Number of protein chains: 2
Amino acid sequence: MFEVLVAHILEKVALTEEEQTVLKSFFTPKKLRKRQYLVQEADICKHLSFVTKGLLRSYHVDEKGEEHISMFSLEGWWASDMYSFFSGEKASFNIDAIEETEILMISLEGFEEMTLRIPVMDRYFRILFQNSLVTKERRLVSAITHTAEEKYIRLAECNPTLIQRVPQNLIASYIGLAPETLSRIKKNISSRKSS
Amino acid sequence: MFEVLVAHILEKVALTEEEQTVLKSFFTPKKLRKRQYLVQEADICKHLSFVTKGLLRSYHVDEKGEEHISMFSLEGWWASDMYSFFSGEKASFNIDAIEETEILMISLEGFEEMTLRIPVMDRYFRILFQNSLVTKERRLVSAITHTAEEKYIRLAECNPTLIQRVPQNLIASYIGLAPETLSRIKKNISSRKSS
DNA sequence: CATCCTGATTGACGTAGATCAAGTTTATTT
DNA sequence: AAATAAACTTGATCTACGTCAATCAGGATG
């Protein structure tokens, strides 16, 4: 489990053997079965979690009770309601497992102590957040400028794994479409291909 | 100029007097007049810029030639095509000045040297990016879940300064609406108020 | 003072995608 | 293997918002 985490961090910054050991000490492993919640809206999100295996979804429920998925976290990604985690306020997202999932969790106190004891971790997270920001920016542009079909095609190109592993209705929710619409879009695409 | 920058950083991390001096040495000031470009699509975005005065917009032009504003940068905010800046690839955003604007610019080499010489700057940017990520996440949720009217109302509540300083058609572009639609929405809102 | 130019408003009309509803297929659970 | 639930498809209809086009108001600019 821990190797996945360490390997992921080593891609961005260097850590001594000792730092690696210290780092690991801040994390606790946890297993989630399918459909199990990691964070529930209105709880406080006490942990930042690194996915070593499986797949999580973060989603928000609007006033009408509709779910809107804001992100998927595959192996090698982090998951958390960042606002809740860093501020200590109530979470506005739910996070649950789409597949059987294994994670490594760190608490806020742990996080803070970790960045003090291993300062390059600030750099690691600076780079991580910086990259996420670029990705999120792209999604925002896509959400506003592209048609439903374009959004789906882009996602399928950039993230083929997701399309394979995630049920179609969740993909629809992720790109902001009604499931029926996505179904029709896929039909169109494939009928166009075969002609 | 520099005081605005230093003050802004000191809100998040501590800097010694010496570090402050070193920090300043990495930045060069620049003035932009109204409508002047800071970054043009297809150029490489060579700088990360901190706005000390004025107002910038970052926008993306789609295949049909439509502009989509992705962010405004007021005093105290940063502006850049982050992807282009950090990767050295061509920019996909344009950035220009809505008002007369003064900025402080740092190059990528400067940025890298700065984080090595003043390691807490990694922490500063970690926190900055972390907060931006939360904000961007919120916008994404809003873009997908809210109606046109809700989007406008939220923006007006969270960011009244923007509404005052930015022409309405640019606000429309920012929330992903046709200018006509925003005009009608405002009319509805005010007619409802007066009834 | 006249003329641009940029931005805002209003109306008529079109369309992408949502919603509702029914039926079918595919997974889980027992 | 039966039972139940979740996921996907298809059709009919509705609506929020976009598009096009004309008009209007207020600053700049000559």
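Below, read A as the first sequence line, B as the second, and so on, with proteins coming before strands; counting in each chain starts at 1. Note that the structure is predicted; figures quoted are calculated from it, not measured.
Residue Leu177(A) is in sugar-phosphate contact alone, with no base atom involved, counting any heavy-atom pair closer than 4.0 Å across all strands shown. The residue Lys64(B) sits apart from the nucleic acid: no heavy atom pair falls under 4.0 Å.
Ring geometry, Phe129(B) versus Phe86(B): the interplanar angle exceeds 60°, so the pair is classed perpendicular (tilted spans 30 to 60°).
Listed pair Thr181(A) / dG17(C) fails the phosphate criterion, with no side-chain N or O lying under 4.0 Å from OP1 or OP2. Look at Lys187(B) and you won't find any side-chain N or O under 4.0 angstrom from OP1 or OP2 of dT9(C). Close to dA8(C), at under 4.0 Å from its OP1 or OP2, lies a side-chain N or O of Asn169(B).
The separation between Lys186(B) atom NZ and dT10(C) atom C1' is 15 Å, rounded to whole Å. When rounded to the nearest whole Å, the span between CG of Leu170(A) and P of dA7(D) equals 7 Å. Taking atom CD of residue Glu100(A) and atom P of nucleotide dA27(C), one finds them 18 Å apart after rounding to whole Å. Following rounding to the nearest Å, Glu66(A) (CD) and dA18(C) (P) show an atom-to-atom distance of 10 Å. One atom, CZ of Arg33(A), and another, P of dT28(C), lie 15 Å apart when rounded to the nearest Å. The separation between Arg165(B) atom CZ and dG7(C) atom P is 17 Å, rounded to whole Å. Following rounding to the nearest Å, Leu182(B) (CG) and dG7(C) (P) show an atom-to-atom distance of 14 Å. A straight line from CD1 of Ile175(B) to P of dA16(D) spans 17 Å, rounded to a whole angstrom.
Relative to the ring axis of Phe93(B), Arg57(B) does not place its NZ or CZ within 45° and under 6.0 Å from the centre.
When the shell of 6.0 Å around NZ of Lys24(B) is examined, it contains more than 12 heavy atoms from other residues, nucleotides or ligands. The neighbour count for Lys12(B) NZ, taken as heavy atoms of other residues, nucleotides or ligands under 6.0 Å away, is above 12.
The nearest heavy atom of DNA chain C to Pro179(A) and to Ser183(B) marks one nucleotide each, and the one closer to the 5' end goes with Ser183(B).
Picking from dA7(D), dA21(C), dA8(C) the nucleotide with the shortest atom distance to the side chain of Pro167(A) gives dA7(D). Of the candidates dA7(D), dG17(C), dA21(D), the closest approach to any side-chain atom of Arg35(A) belongs to dA7(D). If you check dA21(D), dC8(D), dG11(D) against the side chain of Gln168(A), the one that comes closest is dC8(D). With dT19(D), dA6(D), dT28(C) as the choices, the nucleotide that has an atom nearest any side-chain atom of Lys34(A) turns out to be dT28(C).
Atoms NE2 and CZ, from His47(A) and Phe111(A) in turn, are 14.0 Å apart once rounded to the nearest 0.5 Å.
Judged by distance alone, with hydrogens and angles left aside, Arg184(B) brings no side-chain donor or acceptor close enough to the base of dG18(D) to form a pair under 3.5 Å.
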